[in-house]
A.B. asks: 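Let me begin by handing over the structure; questions about it come next.
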Amino acid sequence: MHEIVDRDEPIERGVWTRDEAIAFYRAKDEPFKIELVEAIPEGETMSYYTQGGFIDLCRGPHLPSTGRAGHAFKLMKVAGAYWRGDSNRPMLQRIYGTAWLTEKDLGQYLTMLEEAEKRDHRKLGRQLDFFHLQEEAAGSVFWHPKGWTLYREIEMYMRRRLSDAHYSEVKTPQLIDRSLWEASGHWDKFGENMFTAATTEDKTLALKPMNCPGHVQIYRQGVKSYRDLPLRMAEFGSCHRNEPSGALHGIMRVRAFTQDDAHIFCTEEQINSESVEFCNLLQDIYKDFGFEDIHVKFSDRPEVRAGDDATWDKAETALRDATNAAGLETLLNPGEGAFYGPKLEFVLRDAIGRDWQCGTLQVDFVLPERLDAEYVGEDGNRYRPVMLHRAILGSLERWIGILIEQYSGRMPAWLSPVQLVVAAITDSTHDYAKQVHTAALVAGMRAELDTRNEKIGYKIREHSTAKVPFILAVGGREAEAGTVALRRLGSDKQEIIHLDEVMAILADESLPPDQRRSKA
RNA sequence: GCUGCUAUAGCUCCAGCGGUAGAGCGCACCCUUGGUAAGGGUGAGGUCGCGUGUUCGAAUCACGCUAGCAGCACCA
């Protein structure tokens, strides 16, 4: 490519009629090009460009000559891509490259990519001893004590938030007979991606890939009145989906995951207010985790769908009003809604710039019908409730992956598995260090004690690398005065604080955001 | 799942291209008791992802499988 640039060949435009183009590509026996040209209406013309001996169709415009491209480019990767994005059609080779105005810009971009790689949750997850993955359980996470501490902290936070928002929590079975999945329609659509277990009798059980049918079963116990609505049923639902091998990615896309799932059973009139409340709750929670910049996709009615147009109008309007009321800007994703209703997708971006769907809100008129959910209205007649499927974090696994990349592993104190380390400087201060450690535990902090036979510089380095937010060094001077030398992650300054005060300060800084608010 | 690539010590990686391998970090032990990002010494640790084949002999060659990486397709 560099040689072509140096040759500075002129790039010239020409025009073909449709027939000329077809004749040209027939002669060259290029079936893909012929297909492209044939898609163009008869009688139209098309432009092509030549450069040296090379000729190709292109709408243009182009640079006047190859020399203008400069040398600030680099080929990045080679990969297959399906012809016209269809996995039933042949695969072509695609070459990816990046081009910049100057070589300096290119260099900066490449450095940026290298930096982004350091934030990769797969790398940090191992370095920080959060989790591991292994061959025998592809797509399932082995959570280590530190990662599990983080996981549970998020779960506890979510429980408080959901409880405050008037959700009740349930737990539904992992294995459910295939007949229920057939009734819900999932067997038909996703049966290939469901794990099944044969029982000794001739029954097939399926590992649940989602929680909705289970929630409907709980809803159906007893007669529901309009007075029971809206009914908000939440579950940290452990789901299994047999994802295609090529789709797996660290802990972002796995085969076993836990959704912070909930279904809101409500009337059509309540869709709007419930959606608004949900969007507000979601935004509030994202803010607590440090995400202010959310992409929201609005996916409206697909071509093949259930439900009449009036119902769709109502559902789409309700969703749109809700996003507006919640101050969310949405990107239209035309025709990408679920077959049962329109969908909001809350998307976050990872370190390498890949987008991941986290939260979602879907309006569903179909499942209540299929699984026969109903309520008794004011007039004594029976009606179908509407189901709002919603998740805020999406999957705990993905959320933690995104969080790790967002913070480069340097989690806020409330999420840090180890919030504080007491590092003794010499053996003679071990007793005092133990006392400080105990004080931290009593104050409710996740604290560790480091009395190893190592120099203080070594301990500081190690715990800083492990991204512990607070390191308390204690030596003879501190033991004498009843103080600690506090070093905060990211700072090389020391604060000498009395033991009586320091734990109150740090415990307060380590409070989850919702608890800090309610304390204030 | 598809296309291409990869798999060597707990981790990060080098050498080896038919005659069974090495570094740094980590780990263990010893010396050192040191005041804010690596103190010193000694040592242990690998049937080279798995299987089959070719060969006197396979980490190395062939075939198959598994997992991972990049992209595509998929994502209830």
Side-chain angles (χ1 to χ4, degrees), chain A residues 76-96 117 120 122-123 126-127 129 132-139 181 184-194 208-213 237 239 241-250 252-255 257 259 261 336-341 343 345 352 354 356-357 360 362 364 366-367 389 391 394-395 398 421 423-430 451-466 471-478 485-496:
Chain A
M76 306 295 282
K77 50 199 168 201
V78 182
Y82 292 111
W83 172 238
R84 303 206 135 175
D86 183 346
S87 60
N88 295 315
R89 310 193 68 179
M91 187 168 260
L92 312 182
Q93 289 304 309
R94 183 182 285 175
I95 300 169
Y96 290 80
E117 250 170 64
D120 192 316
R122 293 167 293 188
K123 201 182 172 98
R126 187 171 42 240
Q127 275 171 11
D129 197 17
H132 86 268
L133 299 158
Q134 72 182 51
E135 195 168 328
E136 292 82 353
W181 304 108
S184 70
H186 291 105
W187 186 267
D188 209 33
K189 211 162 159 35
F190 297 105
E192 299 248 305
N193 299 310
M194 285 167 70
K208 72 170 170 181
M210 54 183 346
N211 310 297
C212 3
C239 296
R241 294 179 184 175
N242 194 3
E243 302 286 8
S245 54
L248 301 179
H249 181 86
M252 303 276 217
R253 183 85 182 264
V254 285
R255 293 194 174 124
F257 57 97
Q259 289 179 318
D261 201 5
E336 292 295 313
F339 71 92
Y340 51 72
K343 187 164 92 172
E345 290 175 39
I352 325 169
R354 289 189 267 218
W356 297 93
Q357 184 201 304
T360 185
Q362 301 162 18
D364 178 7
V366 173
L367 258 197
H389 304 242
S395 98
R398 178 175 295 179
V421 169
I425 294 174
T426 62
D427 284 0
S428 58
T429 55
H430 281 186
T451 52
R452 289 174 305 167
N453 176 18
E454 295 292 350
K455 289 193 173 179
I456 190 64
Y458 181 91
K459 294 182 182 181
I460 296 287
R461 176 182 154 79
E462 195 175 272
H463 298 121
S464 299
T465 308
I471 300 174
L472 303 186
V474 296
R477 296 204 291 267
E478 286 75 20
L486 165 65
R487 181 181 165 126
R488 290 164 190 276
L489 186 60
S491 159
D492 53 6
K493 291 198 198 100
Q494 296 177 51
E495 299 168 55
I496 308 297

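First the proteins, then the strands, lettered A, B, ... as listed; each starts at 1. Bear in mind that the values here come from a model prediction, so they are computed numbers and not experimental data.
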A.B. asks: Taking the same atom, C1', in rA9(B) and in rG24(B), what whole-Å distance lies between them?
C.D. replies: 12 Å
A.B. asks: Go ahead and name the base partner of rG45(B); Watson-Crick or wobble counts if both distances stay under 3.5 Å, otherwise write none.
C.D. replies: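 Here rG45(B) is not engaged in any pair, so there is no nucleotide opposite it.
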A.B. asks: Could you work out which one of rU36(B), rA76(B), rG68(B) sits closest to the side chain of I460(A)?
C.D. replies: rU36(B)
A.B. asks: Using Watson-Crick or G-U wobble geometry with both distances below 3.5 Å, tell me the partner of rU12(B), or none.
C.D. replies: rA23(B)
A.B. asks: For rU6(B) versus rC48(B), give the span between their C1' atoms, rounded off to a whole number of Å.
C.D. replies: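 Approximately 14 Å lies between the C1' atom of rU6(B) and that of rC48(B).
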A.B. asks: Is any side-chain nitrogen or oxygen of S245(A) closer than 4.0 Å to OP1 or OP2 of rG1(B)?
C.D. replies: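 Yes, such a contact exists.
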A.B. asks: Distance check, C1' atoms only: rG49(B) and rU60(B), in whole angstrom units.
C.D. replies: 15 Å
A.B. asks: Can you tell me which nucleotide in rU33(B), rG1(B), rA70(B) comes closest to the side chain of N453(A)?
C.D. replies: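 Closest of the options to the side chain of N453(A): rU33(B).
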A.B. asks: Could you check which of rG34(B), rC2(B), rA76(B) has an atom nearest any side-chain atom of M91(A)?
C.D. replies: rC2(B)
A.B. asks: I'd like to know if E462(A) reaches the base of rG26(B) with its side chain such that a donor and an acceptor end up less than 3.5 angstrom apart.
C.D. replies: no
A.B. asks: Start at the 5' end of RNA chain B and walk down; is the nucleotide closest to K189(A) or to E136(A) reached first?
C.D. replies: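 Going by which nucleotide is closer to the 5' end, it is E136(A).
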A.B. asks: Taking OP1 and OP2 of rC11(B), is either one under 4.0 Å from a side-chain nitrogen or oxygen of H132(A)?
C.D. replies: no
A.B. asks: Side chain of H186(A): nearest nucleotide among rU33(B), rA76(B), rC74(B)?
C.D. replies: rA76(B)
A.B. asks: Tell me which nucleotide among rU36(B), rA37(B), rA76(B) gets nearest to the side chain of A473(A).
C.D. replies: rU36(B)
A.B. asks: What contact category does A138(A) fall into here, base, sugar-phosphate, or nothing, at under 4.0 angstrom with non-hydrogen atoms?
C.D. replies: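 Contact class for A138(A): sugar-phosphate only.
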A.B. asks: Check whether the aromatic ring of Y458(A) stacks on the base of rA38(B), taking stacking as ring centres less than 5.5 Å apart and planes within 30° of each other.
C.D. replies: no
A.B. asks: Establish, with yes or no, whether the OP1 or OP2 oxygen of rA70(B) is under 4.0 angstrom from a side-chain nitrogen or oxygen of R94(A).
C.D. replies: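 No.
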A.B. asks: R487(A) side chain: which of rG1(B), rC72(B), rA37(B) is closest?
C.D. replies: rA37(B)
A.B. asks: For rU3(B), what is the paired nucleotide under Watson-Crick or G-U wobble rules, both distances under 3.5 Å?
C.D. replies: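 By the stated definition (distances under 3.5 Å), rA70(B) pairs with rU3(B).
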A.B. asks: Can you tell me how far P in rG16(B) sits from the matching atom in rA7(B), rounded to whole Å?
C.D. replies: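 Each nucleotide's P atom is 14 Å from the other's.
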A.B. asks: Between P on rC11(B) and CG on L133(A), what's the gap in Å once rounded to a whole number?
C.D. replies: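 Going from CG in L133(A) over to P in rC11(B) covers 13 Å.
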A.B. asks: If you count heavy atoms of other groups shown closer than 6.0 angstrom to CD of E192(A), is the number above 12?
C.D. replies: no
A.B. asks: Work out how far the P atom of rG34(B) is from that of rC13(B), and round it to whole angstrom.
C.D. replies: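 Approximately 39 Å lies between the P atom of rG34(B) and that of rC13(B).
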A.B. asks: Select one nucleotide: of rC74(B), rG34(B), rC2(B), the one nearest the side-chain heavy atoms of Y82(A).
C.D. replies: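 Comparing rC74(B), rG34(B), rC2(B) against the side chain of Y82(A), the answer is rC2(B).
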A.B. asks: Counting side-chain heavy atoms from C-beta on, which of rU36(B), rA37(B), rA76(B) comes nearest to R461(A)?
C.D. replies: rA37(B)
A.B. asks: If rG64(B) has a Watson-Crick or G-U wobble mate with both distances under 3.5 Å, name it; if not, just say none.
C.D. replies: rC50(B)
A.B. asks: When you match E345(A) and R126(A) each to their closest nucleotide on RNA chain B, which lands nearer the 5' end?
C.D. replies: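 Closer to the 5' end of RNA chain B: R126(A).
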A.B. asks: Which listed nucleotide (rA38(B), rU33(B), rA70(B)) is nearest to the side chain of D427(A)?
C.D. replies: rU33(B)
A.B. asks: List the atom of C239(A), the atom of N211(A), and the distance in Å for their closest heavy-atom pair.
C.D. replies: SG-OD1, 3.6 Å
A.B. asks: Suppose you measure atom P in rC31(B) against the same atom in rA70(B); what distance do you get, rounded to whole Å?
C.D. replies: 48 Å
